[in-house]
Amino acid sequence: MGFISIITEPAILIITTIFLFFILTVLRAYTKTENNLKSVYEFLKTFNKKELSYRFNQLDEFMSGNSYTATSWEDFKKALIFPEKLFTASQTNKANYTPDIYLTVDASYFFNEETLVYSKINHKFIQTMPTLLTGLGPFFTFLKMAIAFTAVDFSSYAAGESLNGLIGNIQIAALCSVFAVGYSLLFMFTEKLLYNKKCKAYYLLIQKEFIRLFDVCTSEQFLLDLVKESKMQNTNNEKILKSLPEDFAKAVSKSIGEMTTPYLENILYSLNRLNESMDKGSGGDVVDKLF
């Protein structure tokens with residue numbers, strides 16, 4: 001029994017066809033995932049942490065428009081902290097002004113194997129493919145044996161030929177299980193190789209890019225910073241309130257002095273002029289007595 005005749009057996013040919021179909025299905029799914037994840041990775045590489053806050057809208061538009069990252073990105077944005085200085089970032093002219101966006105949860109919680117790969121492909125079906133291939137072996141083995149036994153005829157003079165045919169069919173039946181298990185093992189090896197090369201490598205790179213771009217600030221640390229800032233503001237407000245009466249008194253005194261002094265000087269000047277004019281006149285002695 002030659003190799004060609006074994007391969008062309010209907011049962012083995014069906015197992016081989018299903019194996020090739022599974023391989024092509026996995027290859028197509030992983031290639032599509034690779035192209036999408038690669039585009040995300042290449043886009044993230046163009047960003048710098050210092051300019052992230054200024055280009056955040058651009059990042060938001062791209063990540064929301066990509067079907068592989070849209071859902072994860074919406075959840076990711078909810079974990080971001082945008083400081084108040086972002087509001088004035090576009091209004092400042094200082095070259096060294098670099099507002100930061102902080103992340104409260106690790107990026108791998110949103111962008112991981114499940115969200116970027118498994119949810120985008122029929123992962124459960126792919127995982128059952130080796131089991132289906134293995135199950136085809138016993139199925140076609142017993143089917144082939146059942147057909148072989150029904151073809152045996154011990155009542156005729158050709159019983160010897162029937163036995164030879166039975167033995168040949170049993171061999172084919174056994175080979176069905178061998179091919180099925182062999183294809184199952186080959187599929188698992190090929191699938192893991194394709195997955196690591198096309199999917200796993202890129203989703204890990206995407207995680208690294210998010211770690212590079214966003215500094216993690218935990219919720220506890222953020223609350224602690226708020227408490228510290230609140231205490232500092234309370235201290236400053238207390239100092240301002242204590243100095244307010246004194247500053248107000250000084251301001252009022254200064255204001256009154258600035259307003260009344262010129263008038264008093266004018267009055268004195270006018271009186272002096274009046275005194276001089278009276279001295280020159282006849283009533284100078286009376287005015288002198290008045291002063």
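Side chains included, hydrogens not; waters and symmetry mates left out as well; all remaining heavy atoms used.
- Across all their heavy atoms, L103 and A107 have their closest contact at CD2-N, 3.7 Å.
- Not one N or O on the side chain of S184 forms a donor-acceptor pair closer than 3.5 Å with the backbone of A180.
- Here the side chains of L132 and F22 are in contact, with some heavy-atom distance below 4.5 Å.
- With hydrogens and angles ignored, the 3.5 Å screen pairs no side-chain donor or acceptor of T141 with any backbone N or O of A174.
- Y109 and L213 fall within a single hydrophobic cluster, where Ile, Leu, Val, Met, Phe, Trp and Tyr side chains are chained together by heavy-atom contacts under 4.5 Å.
- Under the 4.5 Å side-chain heavy-atom criterion for ILVMFWY residues, a single connected hydrophobic cluster contains both F21 and I12.
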*Stepwise, does the side chain to side chain donor-acceptor pair (under 3.5 Å) test hold for T115 with N112?*
CA-CA 6 Å; T115 59; N112 49 51; 3.2 Å; yes
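- The two residues N36 and S39 come nearest to each other via the heavy atoms O-OG, 2.6 Å.
- For NZ of K208, the number of neighbouring non-hydrogen atoms (other residues, nucleotides, ligands) closer than 6.0 Å is 12 at most.
- Atom CZ of R28 has 12 or fewer heavy atoms from other residues, nucleotides or ligands within 6.0 Å.
- The number of heavy atoms from other shown groups lying within 6.0 Å of CD (E51) is above 12.
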*Test ring pair (Phe, Tyr, Trp, His ring centres under 6.0 Å) applied to F111 and Y203, step by step*: CA-CA 7 Å; F111 300 97; Y203 90 74; over 10 Å; no
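- Linking ILVMFWY side-chain heavy atoms closer than 4.5 Å, directly or via other members, places F139 and V181 in two distinct hydrophobic clusters.
- The environment of NZ in K120 is crowded: more than 12 heavy-atom neighbours from other residues, nucleotides or ligands sit within 6.0 Å.
- Side-chain rings of F76 and F210 approach one another, their centers coming within less than 6.0 Å.
- Using a distance-only test at 3.5 Å, with no hydrogens or angles considered, a donor-acceptor pair links the side chain of T128 to the main chain of F125.
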